[in-house]
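Numbering of residues begins at 1 and proceeds along the displayed sequence.
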Amino acid sequence: VDALVSMDPLEKQWLAEYRAGQVESLGRLVEHTRRPLYGFIAKMMEGHADADEIFQEVWVRAMRNLDRYRDDRFLSWLFRIAHNLVIDRVRKTNRLTSLDHASTEDGQPLVERLAEPRPSPAQAADSVDVQRVIGEAVGRLPPEQREVFLLRTEGDVPFKEIARIQGVSINTALARMQYAVRKLRSELRGYEPGTG
């Protein structure tokens with residue numbers, strides 16, 4: 001239980017409440033983690049039906065093992081479960097993924113950086129075009145690089161945890177991120193909205 005000290009305080013509280021029999025606290029945990037976890041899954045898989053199924057399966061597996069959970073980052077634990085489920089699903093279906101948007105190195109959504117506060121219709125169309133182009137570029141990354149990129153930009157998962165999730169050294173995880181960013185920069189260099 002000491003490992004829970006560095007855990008998000010709300011997650012720690014809800015987990016303790018759930019373990020004490022307050023079932024509604026599990027719902028709070030699910031909602032608290034929904035955006036980053038579901039976003040990661042949806043961007044790793046094509047189609048929302050797959051993402052919905054995997055998101056639900058993550059929670060089924062988490063609930064089965066919640067009594068034994070002793071990790072320090074609850075969301076990272078959920079990402080590891082999701083990672084394994086995505087890998088299993090990809091192996092079964094042999095499908096690769098797409099992405100609707102990406103973030104800059106500082107975590108800001110790239111579309112927000114490129115778009116004006118109140119876009120004109122032409123700017124709005126360009127924004128959709130930018131999202132599509134970035135999504136396609138991220139979708140072309142090798143699966144390991146794409147996963148590192150999404151875990152870091154969508155889930156804000158530390159590289160140490162990413163390395164643990166992928167079962168590689170932290171240097172390998174960092175290198176994969178560096179290669180991903182380099183490839184994205186190369187692919188997007190010279191791109192101008194409305195031309196693609």
task = Please lay out, stage by stage, how Val60 and Glu57 fare under the test side-chain contact (heavy atoms from CB on, under 4.5 Å).
result = CA-CA 5 Å; Val60 168; Glu57 183 62 25; 4.2 Å; yes
Would you say the side chain of [Y] lies within less than 4.5 Å of the side chain of [X], judging by non-hydrogen atoms?
{"X": "Ser25", "Y": "Gln13", "answer": "no"}
{"X": "Ile165", "Y": "Trp77", "answer": "no"}
{"X": "Glu147", "Y": "Val86", "answer": "no"}
{"X": "Trp59", "Y": "Leu29", "answer": "yes"}
{"X": "Leu37", "Y": "Phe55", "answer": "yes"}
{"X": "Arg80", "Y": "Ser76", "answer": "yes"}

Would a single hydrophobic cluster contain both [Y] and [X], if residues Ile, Leu, Val, Met, Phe, Trp and Tyr are joined by side-chain heavy-atom contacts under 4.5 Å?
{"X": "Leu75", "Y": "Met63", "value": "yes"}
{"X": "Leu174", "Y": "Val157", "value": "yes"}
{"X": "Leu15", "Y": "Leu10", "value": "yes"}
{"X": "Leu150", "Y": "Ile170", "value": "yes"}

query = Glu187 and Arg140: salt bridge (charged side-chain N to carboxylate O under 4.0 Å, His left out), yes or no, with the steps?
reply = CA-CA 10 Å; Glu187 282 204 38; Arg140 286 189 294 271; 2.3 Å; yes
message = With side chain to side chain donor-acceptor pair (under 3.5 Å) as the test, pick out the partner of Arg176 among Gln145, Glu144, Gln166.
response =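 Only one option passes, and that is Gln166.
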query = If you look only at pairs with a residue in residues 160-189, which of them pass as a ring-ring contact (aromatic ring centres under 6.0 Å, His included), with sequence neighbours excluded?
reply =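 Output for this query is empty, none listed.
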ask   = More than 12 foreign heavy atoms under 6.0 Å from CZ of Arg35: is that the case here?
value =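 Open: at most 12 neighbouring heavy atoms sit under 6.0 Å from CZ of Arg35.
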task = Specify whether Phe40 and Phe79 have parallel, tilted or perpendicular ring planes, treating 30° as the upper limit for parallel and 60° as the lower limit for perpendicular.
result =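 Correct class here is perpendicular.
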Step-by-step side-chain contact (heavy atoms from CB on, under 4.5 Å) determination, Leu85 to Glu53 = CA-CA 10 Å; Leu85 290 169; Glu53 289 175 22; over 6 Å; no
ask   = Are any of the side-chain nitrogens in Glu31 or Arg28 under 4.0 Å away from the carboxylate oxygens of its partner?
value =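 No, Glu31 and Arg28 are not salt-bridged.
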